[in-house]
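See structure below.
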Amino acid sequence: MDLDLKLVRNTLVVKVQGELDMLIADKMRYEVDKKLEENNIKNLIINLEKVNFIDSSGLGVIIGRYKKISAVNGRMYIVGARPPVEKILHFSGINKLIPMYSSEQDIINI
Amino acid sequence: MNVKNYVRFEFQSLPENVAFARACVAAFAAQLDCTLDAIEEIKLVVSEAVSNSIIHGYGNRPNEKVVVAASIFDDRTLEIIVEDYGSGIKDVEKAIQPTFSSDPARMGLGFTFMKSFMDEMEILSKPGEGTSVRLKRSFFAKDKEAYA
Ligand SMILES: Nc1ncnc2c1ncn2[C@@H]1O[C@H](COP(=O)(O)OP(=O)(O)O)[C@@H](O)[C@H]1O
Ligand SMILES: [Mg+2]
């Protein structure tokens with residue numbers, strides 16, 4: 001499975017694996033929104049540790065979730081982006097909207 | 001400039017094939033002995049162009065055809081062409097503007113990535129007939145002797 005969703009207290013943690021393009025993006029949009037609504041969750045962590053490629057379809061799902069989360073005053077973080085992915089996140093300016101951390105532990109510690 | 005090597009392939013307009021297309025072109029471009037960063041950028045632009053054909057050109061209809069061609073010229077230039085026979089683009093100038101998208105859920109960054117990571121981008125499009133995106137990038141500065 002290239003998508004792993006788990007609830008940690010009031011936060012949904014989404015781990016993506018592989019290449020975050022239009023194929024996984026559509027699935028991710030659907031699964032994440034379903035989980036957020038079902039459990040009435042406001043906070044989201046997207047773990048990109050195991051993602052080796054992202055394109056604008058992948059960026060689109062992330063930004064789309066950010067809009068939803070900020071509309072309900074929730075918090076959202078991106079975690080573990082590796083250099084090639086990080087470069088694209090920076091290029092798109094997403095890092096100015098969504099705080100980026102190197103690990104989930106770093107968020108718990110803040 | 002003479003063509004040194006050339007590939008051309010076509011595939012069904014399915015999301016699964018976007019990864020296939022970018023991996024193929026990346027493997028082909030590796031013959032240029034360019035940096036891994038450059039290979040990543042090539043993957044990205046192919047992904048953007050092919051996704052556009054499937055999403056916008058064909059409105060996600062799965063039984064249509066996308067054609068990808070790539071050439072290496074003897075001056076170490078790479079040319080990539082992505083073609084569809086879909087809806088076409090009415091106003092290309094507008095379509096290539098950063099953040100323009102005809103779909104509010106999308107980012108409108110595909111053409112911006114293609115333009116930024118390649119040296120040249122040319123779009124031929126006719127409403128109702130389809131779109132051809134031609135991208136070019138030169139690698140002559142680096143590793144010249146290694147390639148000779
Ligand atoms: N192959 C294509 N066929 C038809 N329209 C296209 C095609 N490629 C791009 N477009 C149009 O150009 C716009 C901008 O494309 P792009 O920069 O990739 O952004 P996005 O895909 O996020 O919309 C698209 O929203 C679409 O209207
Ligand atoms: Mg696009």
Side-chain angles (χ1 to χ4, degrees), chain A residues 1-3 16-34 36-37 44 46 48-71 76 78 81-98, chain B residues 11-26 35-62 66 82 95-118:
Chain A
M1 188 56 175
D2 36 27
L3 264 184
V16 195
Q17 200 169 343
E19 311 203 320
L20 187 35
D21 65 2
M22 65 179 283
L23 180 65
I24 301 184
D26 283 342
K27 203 155 97 187
M28 183 170 157
R29 179 182 302 110
Y30 175 79
E31 298 284 338
V32 170
D33 286 357
K34 198 172 84 177
L36 289 173
E37 278 152 36
L44 179 63
I46 298 189
L48 298 178
E49 231 164 63
K50 296 223 164 85
V51 171
N52 47 39
F53 174 86
I54 190 165
D55 65 12
S56 72
S57 297
L59 297 173
V61 207
I62 295 178
I63 282 285
R65 289 335 91 204
Y66 171 74
K67 286 181 185 158
K68 283 203 150 191
I69 294 289
S70 39
M76 179 166 168
I78 294 173
R82 291 171 18 199
V85 170
E86 196 178 25
K87 176 173 134 185
I88 302 303
L89 294 172
H90 280 253
F91 192 98
S92 67
I94 275 188
N95 59 311
K96 290 182 201 132
L97 295 174
I98 309 169
Chain B
F11 51 88
Q12 215 179 309
S13 51
L14 288 169
E16 287 84 347
N17 290 335
V18 180
F20 166 79
R22 67 176 174 259
C24 281
V25 178
T35 62
L36 284 179
D37 277 357
I39 294 288
E40 286 303 317
E41 290 165 5
I42 288 161
K43 272 196 199 165
L44 178 64
V45 301
V46 172
S47 202
E48 295 298 342
V50 171
S51 302
N52 278 354
S53 291
I54 296 174
I55 297 166
H56 305 297
Y58 294 130
N60 292 303
R61 290 194 306 280
V66 181
V82 176
I96 63 175
Q97 294 306 310
T99 74
F100 172 83
S101 178
S102 47
D103 177 347
R106 298 191 54 82
M107 299 199 72
L109 285 181
F111 282 133
T112 306
F113 283 142
M114 292 184 236
K115 226 177 155 177
S116 307
F117 293 128
M118 300 298 278

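In what follows, chains are A, B, ... by sequence order, proteins preceding strands, each numbered from 1.
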Go through the atoms of A/D26 and report whether side chain, backbone, both or neither lie under 4.5 Å from a heavy atom of chain B.
neither
What I'd like to find out is whether the side chain of A/L59 reaches to under 4.5 Å of the side chain of B/F113, using heavy atoms alone.
yes
Which atoms of A/I54 come close to chain B, meaning under 4.5 Å heavy atom to heavy atom: side chain ones, backbone ones, both, or neither?
backbone
Atom NZ of A/K87 with >12 non-hydrogen neighbours under 6.0 angstrom
yes
Tell me, with the steps shown, if A/S57 and B/E48 meet side chain to side chain contact (heavy atoms under 4.5 Å, CB included).
CA-CA 8 Å; A/S57 297; B/E48 295 298 342; 5.7 Å; no
What part of B/D103 gets closer than 4.5 Å to chain A, counting heavy atoms only: side chain, backbone, both or neither?
neither
Non-hydrogen atoms of chain A under 4.5 Å away: do they reach the side chain of B/I54, the backbone, both or neither?
side chain
Taking all non-hydrogen atoms of both residues, which atom of B/L109 and which atom of A/S56 are closest, and how far apart?
CB-CB, 4.3 Å
Do the side chains of A/M22 and B/V50 get nearer than 4.5 Å, heavy atoms only?
no
Start with the C-alpha gap between B/R22 and A/E19, add the side-chain angles, then the distance that decides, and say whether salt bridge (Lys or Arg N to Asp or Glu O under 4.0 Å) holds.
CA-CA 11 Å; B/R22 67 176 174 259; A/E19 311 203 320; 2.5 Å; yes
Rounded to the nearest 0.5 Å, what's the gap from CE on B/M107 to CD1 on A/I94? Could you check?
5.0 Å
Would you name the heavy atoms of B/T112 and A/F91 that are closest together and state the gap between them?
CG2-CE2, 4.5 Å
